[in-house]
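In what follows, a structure is listed as structure tokens, so that the remarks can point back to it.
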Amino acid sequence: MISLRIITPQGQYASKEVNSIHLTSVEGELTLLTNHVPIFMALVPCRLILKDTEDKKWEYAIAGGFCHLEKNKAMLLTDAIEGKGDIDLERAKRAYRRARERLEKKDSKTNMKRANLALVRAMNRIKIHNG
């Protein structure tokens, strides 16, 4: 069993006992299980899947961040997290359209890296909402 704490700038989002944590780091997708070797990783915007001992599954959209696991204690730090059922699909679609428009504009005032990240986060939220 892994004791997981999820922290956002607003404070502790959740604290759960889980059997597995599935997420995507800058190195790729991975699943953390009980007794995993210590690890610290940077995360990209992705689907976070948590499973408990009865194989109940929770799905979230996270906006990237960091995860540290050691001695079956994990801490996930993220700027934003939304449960699958909490995602406002219309808001995510609007964010997607705004990001696409900024990227297509290609003027010197547009921060392309920021616009691309907004696009990735919006696509992640849409994908998770739709299953």
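This chain uses plain numbering: 1 for the first residue, then up along the sequence.
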Self-check item: Residues that Arg97 engages under side-chain contact (heavy atoms from CB on, under 4.5 Å), provided they are two or more places apart
Solution: Lys93, Arg94

Practice problem: For Ala92 and Ala122, work out which heavy atoms get closest and say how close. | Solution: O-CB, 3.7 Å

Quiz item: Given the rule that I, L, V, M, F, W and Y join up when any side-chain heavy atoms are under 4.5 Å apart, are Ile6 and Met41 in one cluster?
Solution: yes

Quiz prompt | Side-chain touch Ile49/Trp58, heavy atoms, less than 4.5 angstrom | solution = no

Exercise. Scan for ring-ring contact (aromatic ring centres under 6.0 Å, His included) pairs involving residues 66-85, sequence neighbours excluded, and state none if there are none.
Key: Phe40-Phe66

Quiz item: Heavy atoms, side chains only, cut-off 4.5 Å: are Lys73 and Ile2 in contact?
Solution: no

Quiz item: Quick one: does Ile39's side chain get under 4.5 Å of Leu30's, heavy atoms only?
Solution: yes

Practice problem: Report the hydrophobic cluster partners of Met75, with the cluster defined as I, L, V, M, F, W, Y residues connected by side-chain heavy atoms closer than 4.5 angstrom, directly or transitively. | Solution: Ile7, Leu77

Practice problem: Please report the closest heavy-atom contact between Cys46 and Asn124, naming both atoms and the distance. | Solution: O-ND2, 3.0 Å

Practice problem: Find the distance between OH (Tyr60) and CG (Leu50) and round it off to the nearest 0.5 Å. | Solution: 5.5 Å

Quiz item: If every non-hydrogen atom of Pro45 is compared with every non-hydrogen atom of Leu117, which pair is closest and at what distance?
Solution: CG-CD1, 3.9 Å

Practice problem: For residues 18-47, pull every pair meeting side chain to side chain donor-acceptor pair (under 3.5 Å), keeping only residues two or more places apart or in separate chains. | Solution: His22-Glu29, His22-Thr31, Asn35-Asn72, Arg47-Glu59

Quiz item: In the hydrophobic clustering (ILVMFWY, side-chain contacts below 4.5 Å, transitive), which residues join Ile128, or is it alone?
Solution: Ile87

Quiz item: Which residues pass the side-chain contact (heavy atoms from CB on, under 4.5 Å) test with Lys113, sequence neighbours left out?
Solution: Asn111

Quiz item: Which pair of non-hydrogen atoms, one from Ala115 and one from Ala99, has the smallest distance, and what is that distance?
Solution: O-CB, 3.7 Å

Quiz item: Is any side-chain heavy atom of Leu69 less than 4.5 Å from a side-chain heavy atom of Leu4?
Solution: no

Practice problem: Kindly state each residue pair satisfying salt bridge (charged side-chain N to carboxylate O under 4.0 Å, His left out) with at least one member in residues 117-131, sequence neighbours excluded. | Solution: Glu82-Arg125

Exercise. Specify the closest pair of heavy atoms between Asn130 and Leu89, including all atoms of both residues, with the distance to one decimal.
Key: OD1-CD2, 4.1 Å

Practice problem: Locate the shortest heavy-atom distance separating Leu32 from Cys67; write the atom from each residue and the value. | Solution: CD1-SG, 4.2 Å

Quiz item: Residues two or more places apart in sequence or in another chain: which of them pass salt bridge (charged side-chain N to carboxylate O under 4.0 Å, His left out) with Arg100?
Solution: Glu104

Quiz prompt | Cluster link Ile126 to Met123, ILVMFWY, side chain under 4.5 Å | solution = yes

Exercise. Write out all pairs satisfying ring-ring contact (aromatic ring centres under 6.0 Å, His included) with one or both partners inside residues 103-131, taking only residues at least two apart or from two chains.
Key: none

Self-check item: Pairwise distance CG(Leu48) to CG(Leu43) - rounded to 0.5 angstrom
Solution: 8.5 Å

Self-check item: Pairs where residues 62-72 contributes a residue and the test salt bridge (charged side-chain N to carboxylate O under 4.0 Å, His left out) is met, not counting sequence neighbours
Solution: none

Quiz prompt | Distance (rounded to the nearest 0.5 Å) between Met112 CE and Leu119 CG | solution = 10.5 Å

Practice problem: Return each pair, listed once, that meets side chain to side chain donor-acceptor pair (under 3.5 Å) where at least one residue sits in residues 1-17; pairs must be two or more places apart or across chains. | Solution: Ser3-Glu17, Arg5-Gln12, Thr8-Gln10

Exercise. Any chance you could pull the hydrophobic cluster mates of Val44, using side-chain heavy atoms under 4.5 angstrom and chaining through other members?
Key: Val26

